[in-house]
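Report on one structure; see the data block that follows.
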Amino acid sequence: MNIGKYAALELSDDLPMNNYTKYRIAGKIYNIVPVYDLPRHIAIEAQGDFVGKTVEFIK
């Protein structure tokens, strides 16, 4: 779901409980954008189609 300059991505699994500071999607690093009240979602400053992409949580 694109919202302005951000993309909210719904994940197939729960977010990991460990500490992480960035996301890697399709080889590109993204900063964390806080998301509230949307379980299994992350947000990044990006536009595009992220369906089927793997999200890596980077410490």
Side-chain angles (χ1 to χ4, degrees):
M1 165 174 35
N2 291 313
I3 307 165
K5 64 180 182 177
Y6 300 104
L9 310 177
E10 183 176 7
L11 306 180
S12 58
D13 293 317
D14 291 330
L15 297 170
M17 297 305 289
N18 61 348
N19 293 330
Y20 51 90
T21 60
K22 298 192 183 287
Y23 307 120
R24 181 181 300 137
I25 305 169
K28 185 169 180 181
I29 304 290
Y30 295 94
N31 291 319
I32 293 172
V33 177
V35 176
Y36 304 101
D37 299 326
L38 287 174
R40 290 190 176 173
H41 280 74
I42 63 169
I44 56 175
E45 189 172 335
Q47 296 292 309
D49 183 9
F50 295 93
V51 174
K53 304 286 185 198
T54 299
V55 177
E56 295 177 63
F57 295 86
I58 301 172
K59 292 183 181 188

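Nothing fancy with the numbering, it's 1 onward along the sequence.
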Is [Y] close to [X] at the side-chain level, that is, under 4.5 Å between some pair of heavy atoms?
X     : Y     : answer
Asn18 : Tyr20 : yes
Leu9  : His41 : no
Thr54 : Ile25 : no

Exercise. Do other residues, nucleotides or ligands put more than 12 heavy atoms under 6.0 Å from the CG atom of Asn19?
Worked result: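 For Asn19, atom CG is not crowded (no more than 12 foreign heavy atoms under 6.0 Å).
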For this session: Mark yes or no for whether Gln47, through its side chain, and Gly4, through its backbone, hold a donor-acceptor pair below 3.5 Å.
Result: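 Yes, because the side chain of Gln47 sits within donor-acceptor range (under 3.5 Å) of the backbone of Gly4.
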For this session: Output yes when Asp14 and Arg40 qualify as a salt bridge under the 4.0 Å nitrogen-oxygen rule, no when they do not.
Result: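 A salt bridge links Asp14 with Arg40.
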For this session: Could you tell me which non-hydrogen atom of Ala46 sits nearest to which non-hydrogen atom of Asn2, and how far apart they are?
Result: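 Looks like O-OD1, 4.1 Å.
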Give the cluster check for [X] versus [Y]: same hydrophobic cluster or not, with ILVMFWY residues linked at side-chain heavy-atom distances below 4.5 Å.
X     : Y     : answer
Ile42 : Ile29 : no
Ile32 : Ile44 : yes
Tyr23 : Val33 : no
Tyr30 : Phe57 : yes
Tyr6  : Leu15 : no

